[in-house]
Participant: 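Sharing a structure below in structure tokens format, with a few things to ask.
Only a predicted model underlies this, so the values are computations on that prediction, with no experimental measurement involved. Indexing begins at 1, ligand by ligand and atom by atom, following the structure's order. Values reported hereafter were calculated over all heavy atoms of this structure, with side chains retained and with hydrogens, waters and symmetry mates removed.
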Amino acid sequence: MMSNVKFGPAGLGPVKDAVSKLEELHKKGLRACEIAFTYGVYIKEEKDAREIGEKAKELGISLSIHAPYWINLNSEEKEKVEKSKERIINCLKVGTWLGAKRVVFHPGYYSKNSLASFNKSQRKDKKEIKENQEIFDKKKTYDKIKNEILEIQKIRKEKNYTPQLAPETTGKINVFGSVEEIAQLVRDTKCSFCIDFAHILAREKRYRFKETLESLGKGKELHIHFSGIVYGEKGEKHHKKTEKDGWEQLISNLPRDKEITIVCEAPTPSVDAIEGLNIYKSMNNK
Ligand SMILES: [Zn+2]
């Protein structure tokens with residue numbers, strides 16, 4: 001019986017090797033792949049995208065896209081917001097050719113206007129992190145990002161683009177994207193979402209599986225990012241190898257009644273995804 005949990009790597013690699021890479025993933029039992037447009041939408045030709053999409057479909061591999069990092073829907077500069085939206089819309093277009101289910105993106109940064117007036121001497125206080133967090137204008141940021149996403153949703157519908165918009169939970173305390181903010185976006189804009197549990201650990205110092213799945217796990221599907229992570233007080237530093245204990249914690253907290261995609265973002269994403277899959281299998285055979 002096919003399991004309802006798919007594992008796969010972040011990154012498909014270059015266009016010319018994409019079909020053979022998909023075959024390789026398939027052989028290893030991986031059934032998901034998130035194409036990394038993080039440094040640019042590198043699949044440009046419709047013909048290439050359709051060929052990759054068809055191969056993925058044939059092999060039962062579910063595709064998603066990670067949009068470019070250079071996105072800030074809350075920039076003070078109108079041009080930067082427009083460019084950010086263009087990048088997401090471009091991903092939606094190529095994602096439609098690919099048959100990708102989701103376009104994952106980091107929505108933006110908190111407004112920092114009031115941060116400038118923050119008295120530097122107070123930073124020595126032990127509550128530094130908390131105060132820093134509160135000084136961001138989170139409400140203003142939320143409203144702006146929500147409105148821009150509604151705008152993108154309109155274009156998505158007009159152009160019949162098929163992937164869902166999936167804002168991701170982010171790993172730094174000064175970046176928009178707490179679980180609560182993403183859940184609110186889902187309610188207000190009918191978008192989808194991506195839960196990055198490594199980011200949640202870095203941001204909140206614990207995985208918060210239960211609370212996260214309570215607020216974001218209401219639909220039939222879950223799109224999850226997972227990996228090991230190095231983090232400090234302000235959140236994520238970088239991804240690292242996924243430890244067995246991390247996989248076990250994640251897998252034992254997964255709901256049983258949903259379609260789940262787990263994309264691994266470790267430095268060796270395919271290797272880690274296979275380890276995750278094997279741990280999943282052994283835990284479910286018991
Ligand atoms: Zn992620």
Participant: Please find the pair of heavy atoms, one from Tyr110 and one from Arg203, that lie closest to each other, and give the distance.
Facilitator: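 Where Tyr110 meets Arg203 most closely, the heavy atoms are OH-NH2, 2.9 Å.
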Participant: Are Lys85 and Glu151 close enough that some pair of their side-chain heavy atoms sits under 4.5 Å apart?
Facilitator: yes
Participant: Tell me, which protein N/O/S atoms are under 2.8 Å away from the Zn ion (ligand 1)?
Facilitator: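 The answer, once waters are left aside, is Glu168 OE2, Asp196 OD2, His225 ND1, Glu265 OE1.
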Participant: Between Lys138 and Phe176, is NZ or CZ placed under 6.0 angstrom from the six-membered ring centre and within 45° of the ring axis?
Facilitator: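 No, Lys138 does not sit over the ring of Phe176.
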Participant: Decide whether Asn253 and Gln249 meet the rule of one side-chain donor and one side-chain acceptor closer than 3.5 Å.
Facilitator: no
Participant: Using the side-chain hydrogen bond (donor to acceptor under 3.5 Å, both in side chains) rule, pick out the option among Ser62, Ser192, Ser64 that qualifies with Arg102.
Facilitator: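 The side-chain hydrogen bond (donor to acceptor under 3.5 Å, both in side chains) with Arg102 is passed solely by Ser192 among Ser62, Ser192, Ser64.
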Participant: Could you tell me whether the side chains of His223 and Gln164 share a donor-acceptor contact shorter than 3.5 Å?
Facilitator: no
